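The structure appears below as structure tokens.
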Amino acid sequence: MNPSRNTIFSTCIACIACIAAPSFINGQILIYDYSEAMFFNEQAAVSGLEAPGYGRGAAMVDLDNDGLLDIIVTTAGSPDGFFRQKNNGTFELMNSSWSVPVTQDESWGVIAADFDNDGDKDIYFSNGGFSGAEVNVMLRNDLNTSGKFTDISASSGACGLVVANFGGSAFDYDNDGDLDIFLSSSKGYNGTVRPPCELYRNDGNMQFTNTAPAAGITHQGDFRNCGVADYDHDGYMDVIVGNFDSFNILYHNNGDGTFTNQALAAGVQDPYRSFGATFEDFNNDGWPDLFIPKYEFTGARASSVFINNKDGTFRDISAFARMSSQGDMGHNTGDINADGFPDILIGTGHPYWERKDLVKAMFPVRYSDAMSSRNAAAYLGLDAIGDSRSHGYALGDIDNDGDVDVYNNNGGPSQISSSWGYNALYLAQGNTSNWMKMSLEGVISNRDAIGARVRVETNNGRDIWRYPASGKGFCNTDSPILHFGLGKTATRANIAEISWPSGLVQTYVNLPTRDQHDIIETGISFSGNPAVGGQVTVKATGPRNGRVELLYSSVLVYNPDPVNHVVHRLGGTPFYLGPTSLDAQGRANITFNIPNDPSLSGNSLFLQAVVIDVLYPNRIAVKTNAVELAIP
């Protein structure tokens, strides 16, 4: 075992200066006043997470719903590892106890997502990669009923093709409330056929249909990893796919079940050596940007960063952002120093030699929406294991102390026995930055809330945006608990706003920081045609078996209430309609009788609801969005 693996990295004044001191690029000063170094302590060995092998992607999720994050380690050519976190912060291998099937396949990525919307994470392994065509594996999480995982690969319809898959992502491409699967395909190391990617529509009850040909997912390539986001804000999630030997693909979701490649029009074809593509909002403007890692060792092509122009196009800022060429293979993005700006983690997982990993700590540039970076891995302790063949990074607050921790999966080809490696668990040691965490639960939207857009507005005028995802970077699954680093100068969060995939918008005022908030999709909409003396149906959504109190008024206002953490949207003297119970699915239909008052003709009534989680009465009561009934 590497003797340096458990070194605690002490604070170094020179290192802080390298990260936190201002510098200039092209005459523009970098803004570092939000940022402070975050040092990491490598603890894999003492935690039971070294998991030596031929590592690929990784997942950091709570598998058994005990409130603690667990780890899944994919291992090419060997059984994957399911590690449960115990109360003392150590981990135990649960493959046998949880009846995880013993497979010797070439796992390359792991998607952990609630595909059946039952409240726990199911598992999908993308297999093959460089190693050649294989069948993927899907496991249904039945820990809450039978105490085991059930292999449904053969019956699911999502694992029938024999293809080399590098990675994949879960997303609700048809906005029907359950998660579908996109898979990036490759020709493998010795293959000759350049296959198209795959798309599996979730039909419910863990049944999937391959809709790729009908959806226009037909472009052939030697693809690597992929990412999903609604890059143009049209309400439908899109897909970016990195292509190794030709142009990248940007599948724009047309909203009718089909996709169109817009990579050329969007300016992100970025040809050759792409080892993936990851959406990330680097500059916190609410529009997803792109990181495209390059598997390039000659220095000819640096990895790429693209900023979203908010008009369906992107611009390349790679040189300005100080991107470099180092043979990217493993990769992920996330805010590891709690300054609010996502950073880039890069693993140089070459099959035949080891190298040190990189971290690009991202910083904003004054008078611009561009970003720059500093190499930070050595300063922060994130290359403590030395040279490696790094692939997967899974991010999340695994020790629940308010900081983002990093699990790193290492190892080379299973065909080269000497290329196996130890994994690393980097625990963040904390800094003075403020923070907030949110756990989202969809009701109308998919339960994992993938596709939601979450904005936190700080009291020093910043917006911090986060987006739930599953299957990110080198097909990793980060903790689903969103982490908002607020920087070292923000003392509170003025507004927190969740835009759900369903279209509902949920707003909180002055939520406490340095805390986690469990948020359930809550809001109202209506159906029917408003008329004097008529009726409409108000559709209420919220906590399962919760209580809804509906109010209405002819006056619309916007009055933030920092004491009760809500926004009052009804002025005058609102009329109270009494309570209604939500059902076990968190839904209710309420008949609203519009008063038979001729003076309402040509005017509007506005409705808002107070929704209370009766099972958890200490949670903040939600005042919903307002809906307008325009009466002819």
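All values reported here derive from a predicted model rather than from experimental measurement. The basis for the numbers below is simple: all heavy atoms, side chains too, and nothing from hydrogens, waters or symmetry mates.
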Any donor-acceptor pair under 3.5 Å linking the side chain of [X] with the backbone of [Y]?
X: Q516; Y: K437; answer: no
X: T74; Y: G57; answer: yes
X: N202; Y: F115; answer: yes
X: Y407; Y: L49; answer: yes
X: S445; Y: G177; answer: no
X: D518; Y: S439; answer: no
X: S184; Y: F223; answer: no
X: D383; Y: D387; answer: no
X: R273; Y: G327; answer: no

Using a strict threshold of under 4.0 Å (side-chain N to carboxylate O), is an ion pair present between [Y] and [X]?
X: E441; Y: R544; answer: yes
X: K121; Y: D448; answer: yes
X: D245; Y: R194; answer: yes
X: R84; Y: D64; answer: yes
X: D478; Y: K472; answer: yes
X: R447; Y: D178; answer: no

Item to check | CA sep, side-chain torsions, deciding dist, call: H391, N410, side-chain contact (heavy atoms from CB on, under 4.5 Å) | outcome: CA-CA 6 Å; H391 291 96; N410 295 301; over 6 Å; no
Under a plain distance cut-off of 3.5 Å, with no hydrogens placed, do [Y] and [X] share a side-chain donor-acceptor pair?
X: S324; Y: K360; result: yes
X: N165; Y: N136; result: yes
X: D116; Y: N205; result: no
X: S78; Y: Q104; result: no
X: Q207; Y: S156; result: no
X: D281; Y: Y467; result: yes

Item to check | From CA spacing to verdict: side-chain contact (heavy atoms from CB on, under 4.5 Å), F91, I398 | outcome: CA-CA 11 Å; F91 292 77; I398 201 165; 3.5 Å; yes
Checklist entry - Run the ring-ring contact (aromatic ring centres under 6.0 Å, His included) check on Y200 and F182 step by step: do they pass? => result CA-CA 6 Å; Y200 291 95; F182 185 95; 9.8 Å; no
Any chance you could measure [X], atom [atom1], to [Y], atom [atom2], to the nearest 0.5 Å?
X: T333; Y: D335; atom1: OG1; atom2: CG; value: 10.5 Å
X: S325; Y: Y295; atom1: OG; atom2: OH; value: 11.5 Å
X: K187; Y: F244; atom1: NZ; atom2: CZ; value: 8.5 Å
X: M237; Y: F259; atom1: CE; atom2: CZ; value: 10.0 Å
X: N332; Y: Y393; atom1: CG; atom2: OH; value: 9.5 Å
X: L179; Y: R201; atom1: CG; atom2: CZ; value: 14.5 Å

Shortest non-hydrogen contact from [X] toward [Y]:
X: I181; Y: A158; answer: CD1-CB, 4.5 Å
X: S502; Y: I444; answer: CB-CG2, 3.9 Å
X: G129; Y: A164; answer: O-CB, 3.5 Å
X: D403; Y: H483; answer: CA-NE2, 4.1 Å
X: A277; Y: I292; answer: CB-CG1, 4.1 Å
X: S185; Y: C197; answer: OG-CA, 3.8 Å

Next on the checklist: Let's go through T75 and D80 carefully: what are the C-alpha distance in whole Å and the side-chain angles of both, what is the deciding distance for side chain to side chain donor-acceptor pair (under 3.5 Å) to 0.1 Å, and is it a yes or a no?
Outcome noted: CA-CA 5 Å; T75 306; D80 304 309; 4.8 Å; no
Checklist entry - Stepwise, does the side chain to side chain donor-acceptor pair (under 3.5 Å) test hold for N248 with N243? => result CA-CA 5 Å; N248 299 326; N243 200 352; over 6 Å; no
Next on the checklist: What verdict does the side-chain contact (heavy atoms from CB on, under 4.5 Å) test give for L161 and N210, after you've listed the backbone C-alpha separation in whole Å, the side-chain angles of each residue and the deciding distance to 0.1 Å?
Outcome noted: CA-CA 10 Å; L161 298 181; N210 184 3; 3.6 Å; yes
Next on the checklist: Between D270 and R301, does the salt bridge (charged side-chain N to carboxylate O under 4.0 Å, His left out) criterion hold? Intermediate values first, please.
Outcome noted: CA-CA 10 Å; D270 198 27; R301 298 191 63 84; 3.1 Å; yes
Item to check | Pair S390-N408, side chain to side chain donor-acceptor pair (under 3.5 Å): steps then yes or no | outcome: CA-CA 7 Å; S390 176; N408 184 205; 2.8 Å; yes
Item to check | Side chain proximity check, S169 to F279, heavy atoms < 4.5 angstrom | outcome: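 Answer no - side chains too far apart.
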Next on the checklist: Is the shortest side-chain heavy-atom distance between M438 and V454 below 4.5 Å?
Outcome noted: yes
Measure from the ring center of [X] to the ring center of [Y] and say whether it is less than 6.0 Å.
X: W108; Y: F166; answer: yes
X: W353; Y: F297; answer: yes
X: Y251; Y: H219; answer: yes
X: F282; Y: F291; answer: no

Next on the checklist: Does N127 form a side-chain contact (heavy atoms from CB on, under 4.5 Å) with V137? I'd like the steps, not just the answer.
Outcome noted: CA-CA 8 Å; N127 295 336; V137 172; 3.8 Å; yes
Item to check | Ring-face cation contact, F275 with R224, 6.0 Å cut, 45° max | outcome: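 Yes, R224 sits over the ring of F275.
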Next on the checklist: Please list all pairs meeting salt bridge (Lys or Arg N to Asp or Glu O under 4.0 Å) that have one or both residues in residues 123-152, counting only residues at least two apart or in different chains.
Outcome noted: R140-D142
Next on the checklist: One pair to check against side chain to side chain donor-acceptor pair (under 3.5 Å): T348 and K356. What are the steps and the verdict?
Outcome noted: CA-CA 7 Å; T348 56; K356 286 188 177 180; over 6 Å; no
